[in-house]
Every structure is written in C-alpha cells, then in structure tokens.
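In what follows, every chain begins at residue 1, and chains take the letters A, B, ... in the order their sequences are listed.
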2 protein chains.
Amino acid sequence: MARVQRDGGDDAAPTTELPAVRGQGPAAVNGPAGAQGNGRARAIPEAAVARLAVYLRVLSAMAEQGSVTVSSEELATAAGVNSAKLRKDLSYIGTYGTRGVGYEVDVLTSEIQRVLGLTRQQNTAVVGIGNLGHALANYGGFPGRGFPVTALFDVDPDLIGVPVGGLPVCHIDDIPEVCAARNIAIGVIATPPAAAQAVCNRLVEGGVHCVLNFAPVVLQVPDHVEVRKVDLAIELQILSFHVARNAEQRGRGRTAAARASSNGEVV
Amino acid sequence: MARVQRDGGDDAAPTTELPAVRGQGPAAVNGPAGAQGNGRARAIPEAAVARLAVYLRVLSAMAEQGSVTVSSEELATAAGVNSAKLRKDLSYIGTYGTRGVGYEVDVLTSEIQRVLGLTRQQNTAVVGIGNLGHALANYGGFPGRGFPVTALFDVDPDLIGVPVGGLPVCHIDDIPEVCAARNIAIGVIATPPAAAQAVCNRLVEGGVHCVLNFAPVVLQVPDHVEVRKVDLAIELQILSFHVARNAEQRGRGRTAAARASSNGEVV
DNA sequence: AGCCGCTTGTGAATGCGTGCACAAAATCCG
DNA sequence: CGGATTTTGTGCACGCATTCACAAGCGGCT
C-alpha cells in the first residue's frame, strides 16, 4: 500500500502545525525504524523539523538587524512558540547554546541549515504553468535560496518552449528524462487535480523522491517518496469551521470561556 | 500575549496529515475551554477538522462517479488514512452510518458541510495582488464554492481600480472600512513579508476574525483572531530535510529499516 | 422467523508531543 | 575567589491523538 501524504498545514494546526503525525508507525523521523542503529542524531520529531524552519527564518531576520546572540526566550516569542519547546527542539540537533548567555545567531543558523540539508542545493521542478505555476516559477529560486527552479513543465502546446522566469517550458511527457538529466530532487505539482496523479507518477519515474502537491487530490506514491500537500480549500474550510464555532458561541450567550478569551487570556 | 498561529502543513511526517497542533492550550477545539457547557457537539479535535475537509472532497468525487454509499474502508483508503481513524473522526459529528452497509454519500456530505460551516457563505478578501494574489483572485470563489472573493487590496497605485478576476482592486488603507461594509469573514494575506503585519492589523480592525497568511512571517494577533499559515519555503525545507536524511541513510550502507522500506513495507 | 456475515461505533491501551520545573553551567560582580 | 544571577538543557508528568479490538446493530438469505 502506498504511503499517504502530510498536510502542508497543520499541523500542526493554530498552526499547524497541523499536526504532523505519522499515519502509522512512530512520528520520529530520523531513521525509518527509529534510528537507534547509530550513536548520533537520535530522531527528530516531524513537528520539530517544521519549527526549525521557522526558527531559521527568524534567525536570519535577527542577523540582519545585527544581533549576535539570542536567548531562547527572545527567539521563542519571535517564532510564536513556548521557550521550553524551542529549547527542546534545539536539543534535538545538539547543544550549541551557552548557559547564562544564549545562542550565537550565526552558529545556530548554520547548524539548523545543516540538519535541514540546506547546505546542498536541491534542484526543483514546477509542473503546471497556470496562475499558480507562474507565480512559483517567478520566485526563481525560492526564498533563502537553496531551491533553484531548474525545470518547468506543462501540457499546453502554446507554452512549450516559451521561457517563464527565464526558463523554457517542457512538455510533461518529457518529465522522466528531464528530471533524471537535471538531477531534480523536488517536484512541485501545480496542475489541475485530474492531471496530478499522472504527473506525480512521471516525477517518481524521473527519480524525484520529494513532492510538494498543490492539487486538491490525495496522491498515491511508493513508500520511498515523500509527499507534502498544500491545499487552499482545506485551509479555508478549517477557518470556516472556526467562524461557525465562534458564531455559535456568541449566539448562545457569552460563556465563561468566551469572556476569558475577550479579556485577552489564552484559553 | 497574542495567540500563535498554526501551520498549514503542519507538521507531519511521512504519512498523514499534519497534525495541526495548537500553539498552546488544548487541541480540542469546539469550545475554547473544552465546551462541556452544552450537551451536543462535544469538542472536535483540531486534527480531525482538517481531515473532515479531506473526506468532503473525496465524497464529492465519489458522488460524481455515482456512488450512493461508501464503507469506512473505501473512504479511508481514498482519503489516505486508517479506517479506524476515519470512523472516529466521523463519530465526532454524529452517527450517520448504517452498520453492515456503510455511509450514504449525500448524507455524510451534508453533515460535514454543516459542521464545517459551509452552509453559509464566507466572504473572503485577498490582500496583495502580486503573482500569488493574482492566482488567488482568479480562482474567483474558491473550490467547492462557499468562499466568494468579494474584495481585493494592494498598495500599487497602478492597480487601484483595475478589475482583477472581475473585481476592482482597492487600496490597503481602505481595508478596515471595506471589510466592515462587505462583511468580510476571512482575509487572505499574499503580500511581501514586510507589509504583512500592518495588513493583518487593518484586517482585524475591519472585523476579520480569520486570516490565511501566505507571507513568511509570524503574525501577532489578538486572541479572538484565528491565523493559519501557508509557507512555501518551510514546506520545501521540510522536504529538504527528508532528502538529507535519506541520502544519509543510503550513504552509510543499507540498514534494516532502509531494506524494509525498499521492499515496500510501511516503516 | 432465525441465523449469518458485514460494517459501524466506541472503550481501552499505547505512544507522542507539550509544558513544567529544576539542576547544571557559565558569566558577572563584589 | 566565591556567590549571585541568568539561561540552557532535560527528566517527568499530563493530555491529546492514534490504533486496536470487539460488541452492537443491520441487511440478506434460507
């Protein structure tokens, strides 16, 4: 049975960290079976990985402002998390802090980059050059660099060969060979839902192990392929649920909880 | 202290959805404090809400194919989850199945729509009409309808008044009044990161309680406002982590886990 | 009418993630 | 040089989420 993919939101939920939980098996992720095989790197929880990426962004903002060190408290509030959680997250990747002082911004940045595999460039392909695909292609190397877009694909004959963001569009039938030739590590699917599964199959054929899926379908992939899903409609529907819940709350009189909420307390 | 937002992806690891975990406080979500205040609706876990939206999509696909009933097993595999989990999720919203038979597609569809608040239309505003904003505006009423885009905003003077997807663009300074006048429920932020917080503040000022944020920043909002974040760079970095992990796995010889994985077993 | 097979709904158990609280450590100051 | 202060790193406990396993219930068949 093919592996199921994770949501782009979630998690963890209010942020989603929707929830980054493994469908079956353990959620720890640094070795498929728990990775107690070797001494170092004792499994980083998926949820922690997502947050590390957030910390990384906050850290680069701080570096631009000239900060040299940060305390866990500062970093945590800037990233919108609990300071204990932040320290625990950082402890998964090693001990790079100085007690009584804090963390060196550049050291921490490098270490997170290393763990996230950002030291190597990951060639990325975008499939489906519609509105969204256009937007993605024009990022031209995603934020923070490290994700150069090196291939574009579509079915539309009028688009084939036309340069978008400086890169000519190829036909989706050529996905396998082009991906293999250009060593594509990550495939981004921005096609209509009906085409997504076929495109995904071709990407896998071309040796792509990681897929970011914007199409509103559940992709079936082999076990070794990692899929993350970003689904606009689902995000909106989750928000809609909260609107409905709040409306219901107000509708039947203000409860203690509602009162606490409007007093600014965290509930 | 402002509430923290959830990830659109959340989190999650190899398989299922992102866990969408709440930044702080309980994960159950149907009443800020647990909602045992009233008899019905005894708190739907955040993670379950995200999955309900997925089920909804799968159900409409099945309805189009003419299915009248589905078993939990069918629906679960189509949605990429465990059937036990699916049944538990559905049990949160009531008991609409028939033992020995399954669920009626249209009944289940209606009930999920009801719980998610999709019976009422949620007016939506898009702020920042760049590449992404354009793509969003042209959806023109998001998938499944129920989310009509009824306002567009930008700073660019050349864009003000120009119709995009049939709707004229307003200036972001007018956000508060326009949102209030048009009864906007959901605000979508697709601006550059530097502008996001200011835009968010104006949306809140205009009475918006739910925000979908595409800008790569952590927004600070009052407690009563719900924020969900969709962050492309973070999704890519999470995938990058998995690439790095897998490369490392292969690099140091095939472990038992790696072997199991390539045999097609779920690990 | 009664039995059989199938599928739902849920109680219970397990596991993961979060948050608390404190010991360890390092700097600063007297 | 020793104590006070600050901040990290982590053991522990709690709670949600997931999964298992089974009783309850419904339809069909004889």
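- When side chains are defined from C-beta on, Pro222(B) counts as touching Val204(B), because their heavy atoms get closer than 4.5 Å.
- The shortest distance between the side-chain N/O atoms of Asn82(B) and the OP1/OP2 oxygens of dA17(D) is not below 4.0 Å.
- Closest-nucleotide positions on DNA chain C for Asp89(A) and Tyr103(B) were compared, and the one nearer the 5' end corresponds to Tyr103(B).
- For DNA chain C, no neighbouring residue in residues 59-69 of chain A is found when judged by any heavy atom under 4.0 Å.
- Using a 4.5 Å cut-off on side-chain heavy atoms (C-beta onward), Leu90(A) and Tyr96(A) make no contact.
- Comparing dG19(C), dG9(C), dT18(D) against the side chain of Tyr92(B) picks out dT18(D) as the nearest.
- Counting heavy atoms from C-beta on, the side chains of Phe214(B) and Leu232(A) come closer than 4.5 Å.
- With sequence neighbours left out, Ala53(A) forms a side chain to side chain contact (heavy atoms under 4.5 Å, CB included) with Leu116(A), Ile234(B), Gln237(B).
- If you take CD of Glu74(B) and P of dT8(C), they are 9 Å apart, rounded to a whole angstrom.
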Tabulated below should be each protein N or O lying under 3.5 Å from an N or O of nucleotides 25-30 of chain C; please produce it.
from    : atom 1 : to       : atom 2 : distance (Å)
dA26(C) : O4'    : Arg99(A) : O      : 3.3

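- Using a 4.0 Å cut-off, some side-chain N or O of Arg51(A) falls inside it from OP1 or OP2 of dT18(C).
- Out of dG9(D), dT18(D), dG19(C), the shortest distance to the side chain of Lys88(B) is found at dT18(D).
- Summarising the geometry, the separation between CZ on Arg87(B) and P on dA12(C) is reported as 18 Å, rounded to the nearest angstrom.
- Protein atom CD of Glu46(A) is 9 Å distant from nucleotide atom P of dG17(C), rounded to whole Å.
- Using a 4.0 Å cut-off between a side-chain N of Lys or Arg and a carboxylate O of Asp or Glu, Arg228(A) and Glu46(A) qualify as a salt bridge.
- The separation between Glu104(B) atom CD and dG27(D) atom P is 11 Å, rounded to whole Å.
- When side chains are defined from C-beta on, Cys210(B) does not count as touching Val225(B), because their heavy atoms never get closer than 4.5 Å.
- Distance, Leu108(B) CG to dT7(C) C1': 14 Å, rounded to whole Å.
- The distance from atom CD1 of Ile44(B) to atom P of dA17(D) is 12 Å, rounded to the nearest whole Å.
- If you check dG17(C), dG9(D), dT8(C) against the side chain of Pro45(A), the one that comes closest is dG17(C).
- You'll find that the side chain of Ser91(B) is closest to dT10(C), out of dC20(D), dT10(D), dT10(C).
- Partners of Gln113(B) under the side chain to side chain donor-acceptor pair (under 3.5 Å) rule, at least two apart in sequence or in another chain, do not exist in this structure.
- Mapping Thr95(A) and Ala84(B) onto DNA chain D via the closest heavy atom, the residue that lands nearer the 5' end is Thr95(A).
- The listed nucleotides are dT18(D), dC20(D), dT8(D); the one nearest the side chain of Ser72(A) is dT8(D).
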Mind listing the side-chain donor-acceptor pairs of residues 97-110 of chain A below 3.5 Å, one per line with the distance, residues two or more places apart or on another chain?
from      : atom 1 : to        : atom 2 : distance (Å)
Thr109(A) : OG1    : Val105(A) : O      : 2.7
Ser110(A) : OG     : Asp106(A) : O      : 2.8

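- Taking atom CD on Glu111(A) and atom C1' on dT8(D), their separation rounds to 16 Å, with Å as the unit.
- Side-chain atoms of Arg114(A) and Thr119(A) include no donor-acceptor pair closer than 3.5 Å.
- For the side chain to side chain contact (heavy atoms under 4.5 Å, CB included) test, residues two or more places apart in sequence or in another chain that qualify with Val115(B) are Phe241(A), Ile44(B), Ile93(B).
- In this structure, NZ of Lys85(B) is placed 21 Å from P of dA13(C), rounded to the nearest angstrom.
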